[in-house]
Structures are given as C-alpha cells and as structure tokens.
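The next block holds one structure in the form of structure tokens; read it before the comments.
As the structure lists them, so they are numbered: ligands from 1, and atoms in each ligand from 1.
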Amino acid sequence: MTAENSAAATSAPTATTTSRAQTPAATALRGVKGMNDLLPPDSARWEWFEDRVRSLMRRYGYLFVRTPIVEPTPLFVRGLGEVTDIVEKEMYSFTDSMNGDALTLRPEGTAGVVRAAVEHSMLYDGGKRLFYIGPMFRHERPQRGRYRQFHQVGVEALGFSGPDVDAEVILMCRTLWRELGLGEVRLDINCLGQSAERKAHREALVRHLESGLDLLDAEALRRLHSNPLRILDTKNTAMQPLVESAPRLMDFLGEASLKHFDGLRRLLDAAGQPYRVNHRLVRGMDYYNLSVFEWVTDQLGAQGTICGGGRYDGLTELIGGKPAPGIGWGMGIERVLDLMQQCGNSPELPAPDVYAVIPDEAAMAAAVPVVEALRAAGLAVWVHAAGAAGLGSMKSQFKKADASGAHHALIFGAQELARGEVGLKPLREATAVQTSRTMTEVLTWANELRRA
Ligand code: ATP
Ligand code: MG
C-alpha cells in the first residue's frame, strides 16, 4: 500500500489532492515477528511435502478436513486445560469488536477437529479417520523451529478405542519419514493411564516433589498443586535428579491400562518399529490418556520433537459431546522440512516442459492458440512476456528459458510462422539442435511427451 493509499484508507476522502512531493516517505511495512512468508522456491518444497502427505493419508484411509483458524476461546481453555503452556501464555486471544465474542487463533488442531466432529454428529455411524494441514498460532519466543505462526499436519482417528489404531497412527509417521528420506527419528512412547490412576500417582508425586522443595524452580512451584505431572518434562537441569527419582506413573496403572499399553508395544514390535518407553513423556495437553508418543531427532538442536500425539478418550465429553475415544498427532512442518534439508534430501522441483520464446509482439497471436493447446494436452508452458523494456532480445529470452529449468524452448520466429511452423529446441542436451515442426507435429510431440 502506498502512503497515499494508506492515508485514504484511514481518513475520510477530501476534495483536495495531495501531490506526491508533499507526501512524507512511508516507512516500509513488515510482517509480524515470528510469522513467515513462504516464497518460491521454498514454497515448491512445501507443495512437494503436502503432496507426499496427501498420498500417505490416502493409503492409510484418512480423509481431509478443514476447520476454521479461529475458534471460541473456551474450546481451548476447556479442551487443553487451564494449566498448560498454551492456555497460560501462548494463545492469541481477542474479543470480536462486533459482538464481544471471546475468540482465539487456533494454537493446535485437535480441539477444532473434535469440536467439528461433535457438532456435525460425524461419529453416528462409526469411527472416522481424519487429517488436516494448516497454520497454528502460538505466542512463543521466535527461534529456529519455533515460530508464532507455524504449520502442522495432523491426524485424528475418532471412535476407535483399541491399541491397533494407536499403532497405525504411529506407523504412518514412520512411512512418511522413509518417504521423505529422513535419517534417524526416534520414537518415545508412554502410557498416561486414566484419570483415577493419575490421581493416585499425583499424590505420591507431589509428596516426592515437596521433599525437594528448595530444588523446584518458579514454574514448578506454580505447577506443584495445579499440574505436577508437567513438572516431569522440565528442561531445568538442576531439577533432573529430583524428577528422575520421582514415582513412576506406570507403577500406578491398573490392568486395563497396562493391557492397552502392552497391546501397542506388541504391534510396534511386530512391525519392527523400535521405541523407548520414556516415563517422563507426559505431553503438553491435559486431554491425553493412555498412549502418548513423540518422534524426536537429534539433528535440529533444541527443537528436536517433530511430531507428538496421543490418545484423548475424554475430549469429546469435555467439549459437550457424547463419549467417544480418539487418538491423533500433530507434526511441525517447518521442523520436518528443516530435518529433510539437514539430511541432504532436496526434492526435484517442478520445471516447465516448455518455455515459449516470442521474438516480436506480432508473433503473440500465433503463439497463444499453440501454447493453450499444449497446456490442454497437459504440458506446463511458460510464455515469455514483455517487461517495461519490451520483449527483449532472443539472447535474453533464451537466458530466461534456461533459468526457468524448462526442458524445451518453442520459438515463434517470423520465418517459421510464415511456413506454418515453429522452432523446437531441447534445452537440457549439450548437443541439441533446433528443428522446425508444423503445428500438428508439435501437438503430436506434446502428447508423446505427456505419455512418456
Ligand atoms: P515443544 O515442546 O517443542 O514446544 P509442543 O509439545 O508444544 O512442542 P505440540 O503441541 O505437541 O508441540 O505440537 C506438535 C508439533 O508441532 C511439535 O512436535 C512441533 O514439531 C510443532 N510445533 C509446536 N510448536 C511449534 C512452534 N511454535 N513452531 C514450530 N513448530 C511447532
Ligand atoms: Mg510448546
């Protein structure tokens, strides 16, 4: 927006016109800190990644859903729990100035998908396997792998209670890592049991933590009685001995929880997927029960968790629906793509099949129907277009054709056109020569190329 435009947008229009010379130079506007633009050529890597994800989802039977990026604030406060990092300090919450509604930019995907499933009675005829891709918003300190707008792929399998689906959602990640060419990504799993079991453990845990009260940092002290389980995943090294010697939740689990966990372990073993039982893996959200898991890498520094998830059998009831089991994960796309680059895997980015060289304006009328026919036949065709200084020389057009990565140049030269032909030149062969083709021959060539 120019200074004049922005002035016009914020003040009522007046009859007097301001000359450019009098307008003070506008300060350049910048995007919001921690929220990034995705631009070519990076955007092509994202599209490639999303294509791989969609292919994965199709093979596992997960169907696409898109929920709004804004939800009523109580959905997250109730769903995630009040004493969580997200609800305490990371949410972009605001009041709708039109009607006073309390709204929040979604910090994660599960609550919205489960809300939608409940609202639209999606589970009336059995379980549903769903996935989403989209932006999430958390007010965190921006750094590598941690942004204020970031993007997640997530799955939610709703209405299935057995460990078979737990194993399925975990193993589909492994398939994706393989297809993305990622190096070693470790799997951590744990079992959080049910709330009655966590309550018994919690009393023992609080007693233990109170025995080392002087070691607890401010955050741990605050959580000691509201959410002591979260103290277990502290990154504070001074507290490590205390949390490592803490009573284990696993020792408080009843038969049904242990059986579920064993079931998951047996399926992972059967699939040849190694894992570590991490007793301190408790995950950030209150809604989790039974199986929780994280996929972790050492190659990304501090932000090493690329995917995390778990079972949340109580969530539908928390947000006012009928009871229904659920399990899902969220994957940070920025971190996964960063890891892919670390592993030296860069996908081949799409280049056009054809770059159309237009020596002079008069040739355009002949070129348009041809390039349209080639596109209809399925080829990607980039047409040279005039800049401020006109179309430019043949030499500069061929330079552009080369830089585009196009496999062939189609040259609409006056001499060829006079004969009803066009020039065709392969661009990726050192010894290639330009040949002339009739329009019919070009179309046949295009169809063959398409089939190849
Ligand atoms: P962390 O411990 O790194 O803060 P988290 O437990 O808050 O992660 P989840 O809520 O489980 O993260 O989200 C799932 C995934 O989304 C994470 O494993 C990570 O890959 C990604 N993620 C979470 N927060 C961010 C962020 N601020 N920027 C980029 N990616 C993120
Ligand atoms: Mg976090």
Side-chain angles (χ1 to χ4, degrees), residues 32-38 42 46 49 53 69 75-76 79-81 83-92 104-114 131-156 169-170 172-173 176-177 180 182 185-190 192 219 223 227 229-236 278 280-288 291-312 315 326-342:
V32 178
K33 189 177 171 199
M35 303 197 182
N36 301 316
D37 298 308
L38 175 61
D42 274 353
W46 280 64
F49 170 79
V53 166
I69 58 169
L75 174 67
F76 301 116
L80 309 187
V83 200
T84 53
D85 281 349
I86 293 181
V87 172
E88 276 183 336
K89 54 190 185 201
E90 295 174 358
M91 292 208 301
Y92 282 95
T104 293
L105 297 185
R106 65 179 184 198
E108 57 90 56
T110 301
V113 171
V114 171
F131 82 97
Y132 58 84
I133 303 184
M136 305 296 160
F137 303 84
R138 296 184 193 176
H139 196 101
E140 301 195 73
R141 191 171 66 76
Q143 54 195 290
R144 180 181 177 189
R146 200 174 284 291
Y147 311 99
R148 291 180 174 172
Q149 175 176 332
F150 63 100
H151 298 77
Q152 282 184 345
V153 177
V155 301
E156 314 296 348
V169 299
I170 290 174
M172 69 197 293
C173 295
L176 186 64
W177 310 149
L180 298 179
L182 303 190
V185 190
R186 286 192 321 267
L187 174 64
D188 274 11
I189 61 173
N190 194 13
L192 298 185
E219 187 170 86
R223 293 207 156 135
N227 198 350
L229 202 57
R230 288 301 313 281
I231 299 176
L232 293 182
D233 72 1
T234 178
K235 292 179 177 111
N236 182 344
N278 177 354
R280 289 172 50 194
L281 177 62
V282 297
R283 306 278 307 136
M285 283 70 131
D286 270 4
Y287 53 54
Y288 287 118
S291 314
V292 289
F293 54 90
E294 283 186 353
W295 288 96
V296 188
T297 171
D298 295 325
Q299 286 170 272
L300 292 178
Q303 270 59 251
T305 305
I306 58 174
C307 177
R311 185 163 273 287
Y312 46 80
L315 184 57
I327 181 165
W329 48 251
M331 183 186 295
I333 301 181
E334 285 83 355
R335 293 186 194 177
V336 171
L337 289 179
D338 189 353
L339 180 58
M340 217 174 95
Q341 255 178 334
Q342 294 295 309

Note to self: Please check: side-chain N/O of R280 versus main-chain N/O of L232, any donor-acceptor pairing under 3.5 Å?
What the structure shows: yes
Main-chain N/O of N278 paired to D188 side chain as donor or acceptor, under 3.5 Å
no
Less than 4.0 Å from some atom of ligand 1, heavy atoms are found in residues R138, E140, G145, R146, Y147, F150, Q152, R283, M285, T305, I306, C307, G330, G332, R335
Exercise for the section: Would you confirm whether the ring centroid of W295 sits within less than 6.0 angstrom of the ring centroid of W177? Expected result: yes
Value for OG (S291) from CD1 (I170), rounded to nearest 0.5 Å, stands at 6.5 Å
_Between the side chains of E294 and R283, is the shortest nitrogen-to-carboxylate-oxygen separation below 4.0 Å, so that they form an ion pair?_
yes
K89 meets the side chain to side chain contact (heavy atoms under 4.5 Å, CB included) criterion, sequence neighbours left out, with D85, E219
